[in-house]
Participant: 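Have a look at this one before I ask anything.
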Amino acid sequence: MSERSPAPGGLALIQSLVNTLDIESGVDSLGRAEFGLTEDELPAARELRESLRAALLAHAGHPPHRTVTPLGELLARAPVVVTVDAGDGSAALAPADEGPLLSRVAAAVAQALVEGTWTRLKACEAVDCHWAYYDRSPAGRGRWCSMQVCGARAKMRRYRAKD
């Protein structure tokens, strides 16, 4: 839905995961090969996706779209390790195994926390959208994934409600 550029770093993984469900049309593309999921892993991945969406809605100041497992509970199950670069001594959290989506998401969230970018990843406030987008606005007050679509619809609804 969004014409915005992808989120930076590991947040791009989270953004693309959340955006596998088009709420307006109901199309769910989570089973694509890009996430390397088996059929058995899809239910847990969907649970993770919706917990992430709830967290991104919270970043934008909105309540969860539905009852979900708290993201912290899911991420507590993720095996991650601290890596240290021998050359410059820099440290980072990394998935213990590159396979599990949960570990990759946990490492991406941790890195975004360190970089101060985690709260800039938000979900569109439009109830028929909730698409993930990275808020690059100077004040960090973006509300919609697309000003031309979701923002325009919201403004038109407010305008019509005045009559």
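Predicted model only: the values in this text are computed from it and were never measured.
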Participant: Indicate, with yes or no, if Val114 and Val105 share a hydrophobic cluster defined by side-chain heavy-atom contacts under 4.5 Å among Ile, Leu, Val, Met, Phe, Trp and Tyr.
Facilitator: no
Participant: Calculate, to the nearest 0.5 Å, the distance between atoms CG and CD belonging to Leu42 and Glu47 respectively.
Facilitator: 13.0 Å
Participant: Check Val27, Ile23, Leu21 against Ser25 for a side chain to side chain contact (heavy atoms under 4.5 Å, CB included) and give me the one that passes.
Facilitator: Val27
Participant: Has His59 got a side-chain atom pairing as donor or acceptor with Leu121's backbone, closer than 3.5 angstrom?
Facilitator: yes
Participant: Locate the shortest heavy-atom distance separating Ala96 from Val81; write the atom from each residue and the value.
Facilitator: CB-CG1, 4.0 Å
Participant: Going hydrophobic residue to hydrophobic residue with side-chain gaps under 4.5 angstrom, can you get from Leu102 over to Val80?
Facilitator: no
Participant: Measure from the side-chain N and O atoms of Glu41 to the backbone N and O of Thr38, and report whether any donor-acceptor pair falls under 3.5 Å.
Facilitator: yes
Participant: Give the minimum heavy-atom separation between Ala45 and Leu101, together with the two atoms involved.
Facilitator: CB-CD2, 4.1 Å
Participant: Could you go through Ser16 and Glu34, starting from their C-alpha distance and side-chain angles, then the distance that decides it, and tell me whether this counts as side chain to side chain contact (heavy atoms under 4.5 Å, CB included)?
Facilitator: CA-CA 10 Å; Ser16 63; Glu34 109 182 53; 3.5 Å; yes
Participant: Please answer whether the main-chain N or O of Asp135 pairs with a side-chain N or O of Arg120 as donor and acceptor at a distance below 3.5 Å.
Facilitator: yes
Participant: To the nearest 0.5 angstrom, please state how far the CZ atom of Phe35 sits from the CG atom of Leu17.
Facilitator: 5.0 Å
Participant: Test Ile14 against Trp118 for side chain to side chain contact (heavy atoms under 4.5 Å, CB included), laying out the working first.
Facilitator: CA-CA 10 Å; Ile14 295 169; Trp118 171 236; 3.9 Å; yes
Participant: Output yes when a side-chain donor or acceptor of Thr20 lies under 3.5 Å from a complementary backbone atom of Asp28, and no otherwise.
Facilitator: no
Participant: Verify the distance criterion only: is there a donor paired with an acceptor across the side chains of Glu50 and His65 at less than 3.5 Å?
Facilitator: yes
Participant: Between Leu11 and Leu113, is there a shared hydrophobic cluster once you connect ILVMFWY residues whose side-chain heavy atoms come closer than 4.5 Å?
Facilitator: yes
Participant: Checking the side chain of Ser51 only, and the main-chain atoms of Val68 only, is there a donor and an acceptor separated by less than 3.5 Å?
Facilitator: no
Participant: Side chains of Thr83 and Leu93: does their closest heavy-atom pair fall under 4.5 Å?
Facilitator: no
Participant: Got a second to check how far Leu52's CG is from Asn19's CG, nearest 0.5 Å?
Facilitator: 11.0 Å
Participant: Between Ala54 and Pro64, which heavy-atom pair has the shortest distance, and what is it?
Facilitator: CB-CB, 4.1 Å
Participant: Any side-chain heavy atom of Pro8 sitting closer than 4.5 Å to one from Tyr134?
Facilitator: yes
Participant: Find out whether Gln15 and Pro6 are in side-chain contact, i.e. whether some heavy atom of one side chain is under 4.5 Å from a heavy atom of the other.
Facilitator: yes
Participant: Got a donor-acceptor contact below 3.5 angstrom from the Arg53 side chain to the Val18 backbone?
Facilitator: yes
Participant: So, for Ala7 and Ala12, which heavy atoms are closest and what is the spacing to 0.1 Å?
Facilitator: O-CB, 3.4 Å
Participant: Applying the 4.5 Å side-chain criterion to the ILVMFWY set and letting contacts propagate, would Leu56 and Leu13 be lumped into a single cluster?
Facilitator: yes
Participant: In Å, rounded to the nearest 0.5 Å, how long is the span from CZ of Arg66 to CG of Leu57?
Facilitator: 11.5 Å
Participant: State whether the side chain of His130 and the backbone N or O of Cys124 hold a donor-acceptor pair below 3.5 Å, judged by distance alone.
Facilitator: yes
Participant: Compare every heavy atom of Leu48 with every heavy atom of Leu74, then report the nearest pair and how far apart it is.
Facilitator: CD1-CA, 3.8 Å
Participant: Which atoms form the tightest heavy-atom contact between Tyr133 and Ala123, and what is the distance?
Facilitator: CE2-C, 3.7 Å
